[in-house]
Amino acid sequence: MLVTGLNFVAVTAIVKHVGGRIPASEAAFLRFAFGLVLLSPVLIRLGAEQIGRNAWQLFALRGVVHTFGVILWFFAMTSITLAEVTAMNYMNPLYVTVGAAFFLGETLHKRRLFAIGAALVGALIILRPGFREILPGHIAMLGAAVFFAGSYLIAGRLAGRVKPSMVVAMLSVTVTIGLAPFAAAVWVTPRLDELAWLFGVACFATAGHVSMSKAFAVAPMTVTQPVTFLQLVWSVLLGALFFSEPVDGWVVLGGVIILAAVTFVTWREAMLKRRVTPVVGEPRL
């Protein structure tokens, strides 16, 4: 999980680095296009899989939803600080919890309602409306979280119907296709160094996914979840050292509250032998 956090923070930092000239939708498209190369062994087996019509429809719907989430997320990474992106990203599991209650009929127990309320307090501490300017990047990050929550819920409907590797591969295919027209509309010819950086994003995102899967295979989420706090530490350090971003104690405090709420729910669900999805830090890239 330590390696996972470093990989995902590296993704955010690289996108922020190249985002000054390359539009968000184009950077996202190039990242996913490179990702198809890394997933080529899985894609080769696509033709041999028996996939029903309903699964294809869910793949397409998830691709549309995830595409808009990725565009907003890439925009947020170039518009607000690394610490803010990381801290607000901790909200995603709780958005999924709310979505599961409304669309999948899951029960919102008191502990979940408490965690959601605490996380909202954390988000308000980060944004501090009325005390600081709310930037478009903040709104984009909130919107991205909603789209990603929808993507996770659709992935939940696919669970058990197709192999997990196929779910990952088809997400890459559909999102690449979905991003193509948005990238074409604002296309800026990338330099070779920018292409290299974006290929690095694909490599770090893939490495993060692999290391996180290995962590979950050898330790329970109640052990791995708190370690994700270090992503916020890495983000603060990288932002200060490489992007001259000031260390905002309110952002750190808000992130700690949100992560504490998510960790509490994860721990309680583990005690009751229930499953909470997705976990903090689960990759969207």
Side-chain angles (χ1 to χ4, degrees), residues 3-44 63-64 66-86 88-89 135-141 143-144 147-148 168-211 231 234-246 281 283-285:
V3 174
T4 299
L6 288 171
N7 277 314
F8 293 154
V9 171
V11 167
T12 308
I14 293 173
V15 171
K16 190 176 187 69
H17 173 68
V18 302
R21 204 180 75 90
I22 302 296
S25 55
E26 181 184 345
F29 168 76
L30 290 172
R31 175 268 169 271
F32 273 89
F34 286 134
L36 292 180
V37 177
L38 300 175
L39 288 170
S40 55
V42 177
L43 297 175
I44 292 173
V64 171
H66 208 90
T67 293
F68 286 105
V70 167
I71 293 174
L72 290 173
W73 195 30
F74 267 69
F75 174 76
M77 285 190 284
T78 61
S79 304
I80 57 179
T81 67
L82 295 178
E84 287 173 317
V85 170
T86 303
M88 295 178 71
N89 183 52
L135 301 173
H138 296 121
I139 305 302
M141 195 63 198
F147 281 112
F148 285 139
V168 175
M170 285 304 301
L171 179 65
S172 294
V173 171
T174 54
V175 173
T176 302
I177 295 172
L179 288 169
F182 294 98
V186 294
W187 187 264
V188 174
T189 302
R191 302 188 303 264
L192 287 178
D193 64 308
E194 291 169 333
L195 289 174
W197 281 116
L198 290 170
F199 182 72
V201 170
C203 293
F204 279 117
T206 302
H209 179 75
V210 172
S211 61
Q231 291 185 33
W234 310 144
S235 295
V236 170
L237 291 175
L238 277 176
L241 293 175
F242 295 100
F243 298 99
S244 301
E245 295 175 350
R284 296 154 204 81
L285 294 177

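Predicted model only: the values in this text are computed from it and were never measured.
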With sequence neighbours left out, what residues match Leu135 under side-chain contact (heavy atoms from CB on, under 4.5 Å)? Ile80, Glu133, His138
Closest contact, heavy atoms only, Val175 versus Gly63: CG2-O, 4.0 Å
For a 4.5 angstrom cut-off between non-hydrogen side-chain atoms, does Thr4 reach Phe8? yes
Excluding sequence neighbours, so at least two apart, what forms side-chain hydrogen bond (donor to acceptor under 3.5 Å, both in side chains) with Thr81? Glu84
Listed by chain and number, what are the side-chain hydrogen bond (donor to acceptor under 3.5 Å, both in side chains) partners of Ser235, not counting sequence neighbours? Thr86
Work out which heavy atom in Gly143 is nearest to a heavy atom in Leu72; give both atom names and the distance. C-CD1, 3.7 Å
How about Phe242: does its CZ atom have over 12 heavy atoms from other parts shown lying under 6.0 Å from it? no
Could you pull out all residues at least two apart from Val18 that satisfy side-chain contact (heavy atoms from CB on, under 4.5 Å)? Trp197, Leu198
Can you tell me how far CD1 of Ile177 sits from CZ of Phe32, rounded to the nearest 0.5 angstrom? 12.5 Å
Taking salt bridge (charged side-chain N to carboxylate O under 4.0 Å, His left out) as the definition, give me every residue that meets it alongside Arg21, ordered by chain and number, with sequence neighbours left out. Glu194
Residues in salt bridge (charged side-chain N to carboxylate O under 4.0 Å, His left out) with Glu26, at least two apart? none
Please evaluate residues Phe29 and Trp187 with respect to the criterion side-chain contact (heavy atoms from CB on, under 4.5 Å), reporting the C-alpha separation (whole Å), side-chain torsions for both, the decisive distance (0.1 Å), and the verdict. CA-CA 10 Å; Phe29 168 76; Trp187 187 264; 4.1 Å; yes
By ring pair (Phe, Tyr, Trp, His ring centres under 6.0 Å), Phe68 pairs with (sequence neighbours left out) Phe147, Phe182
When you look at Asn89 and Met141, which way does the side-chain contact (heavy atoms from CB on, under 4.5 Å) test go after all the steps? CA-CA 8 Å; Asn89 183 52; Met141 195 63 198; 4.0 Å; yes
Nearest heavy-atom contact between Val188 and Ile22 is O-CD1, 4.1 Å
What's the shortest heavy-atom distance between Ala28 and Val70, and which atoms? CB-CG1, 3.4 Å
Distance in Å, Gln231 CD paired with Leu238 CG, rounded so as to fall on 0.5 Å steps: 11.5 Å
Hey, could you give me the CG/NZ distance between Leu82 and Lys16, rounded to the nearest 0.5 Å? 5.5 Å
Which heavy-atom pair separates Gly137 from Ser79 by the least distance, and what is that distance? CA-CB, 3.8 Å
Heavy-atom count around Leu192 CG within 6.0 Å, excluding the residue itself: above 12? no
Go through the structure and list residues passing side-chain contact (heavy atoms from CB on, under 4.5 Å) with Ala10, not counting sequence neighbours. Phe204
Who passes side-chain contact (heavy atoms from CB on, under 4.5 Å) against Leu237, sequence neighbours left out? Val233, Trp234
Taking all heavy atoms of Ser25 and all of Val186, pick out the closest pair and write down the distance. OG-CG2, 3.3 Å
